[in-house]
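Chain letters run A, B, ... following the sequence lines, proteins first, then strands; residues in each count from 1. Source: prediction; values computed, not measured.
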Protein chains: 2
Amino acid sequence: MTDVISADSCTDRPPVSTASEAPARPAFDIVELLFFAYRDFVRDADEALIAYGFGRAHHRVLHFVDRHPGLRVTELLDILKITKQSLGRVLRELVDKGFVVQREGEADRRQRLLFVTDRGDRLVNELHRLQTRRVAHALSQCSPAAGEAVRRFLFEMIDAEERPKVTALTGSTTGERS
Amino acid sequence: MTDVISADSCTDRPPVSTASEAPARPAFDIVELLFFAYRDFVRDADEALIAYGFGRAHHRVLHFVDRHPGLRVTELLDILKITKQSLGRVLRELVDKGFVVQREGEADRRQRLLFVTDRGDRLVNELHRLQTRRVAHALSQCSPAAGEAVRRFLFEMIDAEERPKVTALTGSTTGERS
DNA sequence: AAATTACGTCAGTCATGTTGACTTAATTCG
DNA sequence: CGAATTAAGTCAACATGACTGACGTAATTT
């Protein structure tokens, strides 16, 4: 609403990067900006989730199950980097309230493949709209090429050994089985 | 250690942005990348903090007090967006263990201005080194102009009404009093 | 047949956040 | 000057989301 003109608050920033290649100084304020950006970024969804009795953890599960239908529990644990017990609680709540369903794997009947229900899909879309709106605004204030730069930067911020997994996840929406 | 060549895992990413201006699709994977990037970004410091019996909350306090010596408690609360009670606990621990000191304000003796001790400075530098290393690596994989794009993007991700405050914080290291 | 895997669950703990109520001391305002 | 406000601290109770450790069960692999 109030983001029509935000030029004055971002043009008067000090020219921090004086040298062309030196990565010592620039990293300093990016660390801080990352904190502020993430702080506000997650708050959008957090507030919307209260109405459903859910928290951030539920959102993350919903998001990844929505984007990767048929996700296995083990895969989800590896994505979220949390313990089985932590996931167990939020997953049970999501299933109990009808936002996620579990189906037995066809090839391997031990697996409980995860899918969002219609209700789950509606919620995840609502949350997603909030977050993409913020990202879209931020991108709109940057150069057209900035989107790719940001994507590349964030990707390289990820642990080296995790990057191939992320590529596999974001690369294929269908979700391959091992 | 293993980040010498990570080219293959980041060049084979799909060209998501086909249109030049449409911000609908690109935002999608940035949301996800932001999660992964932040997940790994904070883990660096989190693991180092265990040895001191501290957590992420202590790190945030240390960071902002270090960068803005003489910070008032009220200002810190507004930066962190947490309650007085939450801050109280971590601040007391930091003071008890000798990482932060509080000095009475000269102009206003109700204020308890915050400063890091030498010990606090050493810890914050250690943590900072971990985080800037990651950021510097990520920047090194991007074009020289990407740093400014990333900074701009992150800044615009912050709530509009918070941006002036962030500008004031990152702009002046000295920390002005009201 | 034994070992491993996928998943679930019980029980206890910890870190970090929250509300609400209240105190103390210092400053500001009428 | 006296009242109201502000800065900071504190007690208590509670919620969330994470953790460890120990087990159980069914299905698959070896």
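Within residues 80-99 of chain B, the residues that place at least one heavy atom under 4.0 Å from DNA chain C are, in residue-number order, B:Lys81, B:Ile82, B:Thr83, B:Gln85, B:Ser86, B:Arg89. Within a heavy-atom distance below 4.0 Å of DNA chain D, the residues of residues 103-112 of chain A found are A:Ala107, A:Asp108, A:Arg109, A:Arg110. Near DNA chain D, defined here as any heavy-atom distance below 4.0 Å, the residues from residues 50-58 of chain A are A:Gly55, A:Arg56, A:Ala57, A:His58, listed numerically.
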Take B:Leu34 and A:Gln131, measure what side-chain contact (heavy atoms from CB on, under 4.5 Å) needs, and give me the verdict at the end. CA-CA 11 Å; B:Leu34 210 48; A:Gln131 297 197 310; over 6 Å; no

Run the side-chain contact (heavy atoms from CB on, under 4.5 Å) check on B:Arg103 and B:Gln111 step by step: do they pass? CA-CA 8 Å; B:Arg103 284 214 303 263; B:Gln111 298 174 354; over 6 Å; no

Please walk me through it: do A:Phe153 and A:Ile30 pass side-chain contact (heavy atoms from CB on, under 4.5 Å)? CA-CA 11 Å; A:Phe153 170 78; A:Ile30 286 184; 3.9 Å; yes

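Residues satisfying the side chain to side chain donor-acceptor pair (under 3.5 Å) criterion with A:Asp78, sequence neighbours excluded, are A:Lys81, A:Lys165. Under the side chain to side chain contact (heavy atoms under 4.5 Å, CB included) criterion, A:Gln85 pairs with A:Thr83, sequence neighbours left out. Taking A:Glu104 as the reference, A:Arg109, A:Arg112 meet the side chain to side chain contact (heavy atoms under 4.5 Å, CB included) condition, with sequence neighbours excluded. Residues that satisfy the side chain to side chain donor-acceptor pair (under 3.5 Å) test with B:Asp40, not counting sequence neighbours, are B:Arg43. By the ring-ring contact (aromatic ring centres under 6.0 Å, His included) test, A:Phe64 is found to be paired with B:Phe35, B:Phe36, residues two or more places apart in sequence or in another chain being considered.
Remark: A:Arg134 fails to qualify as a cation-pi partner of A:Phe41 under the 6.0 Å distance and 45° angle criteria applied to the six-membered ring.
The backbone N or O of A:Leu80 lies less than 3.5 Å from no partner atom in the side chain of B:Arg39, so there is not a single donor-acceptor pair. Judged purely by atom type and a 3.5 angstrom limit, B:Asp108 uses its side chain to pair as donor or acceptor with the backbone of B:Arg110.
For DNA chain D, the contact window with chain B, defined by any atom under 4.0 Å from a protein heavy atom, covers D:dT6 to D:dC11 in 5' to 3' order. Chain B approaches DNA chain C within less than 4.0 angstrom (heavy atoms of the protein), and the contacting nucleotides run 5' to 3' from C:dT16 to C:dT27.
Contacts classified as side chain to side chain donor-acceptor pair (under 3.5 Å) and involving residues 116-130 of chain B (residues at least two apart or in different chains) are given here: B:Tyr52-B:Glu126, B:Asp121-B:Asn125.
In the helix from C:dA1-D:dT30 to C:dG30-D:dC1, the terminal helix axes, each the rotation mapping four pairs' C1' atoms onto the next four within five end pairs, subtend 20°, rounded to 10°.
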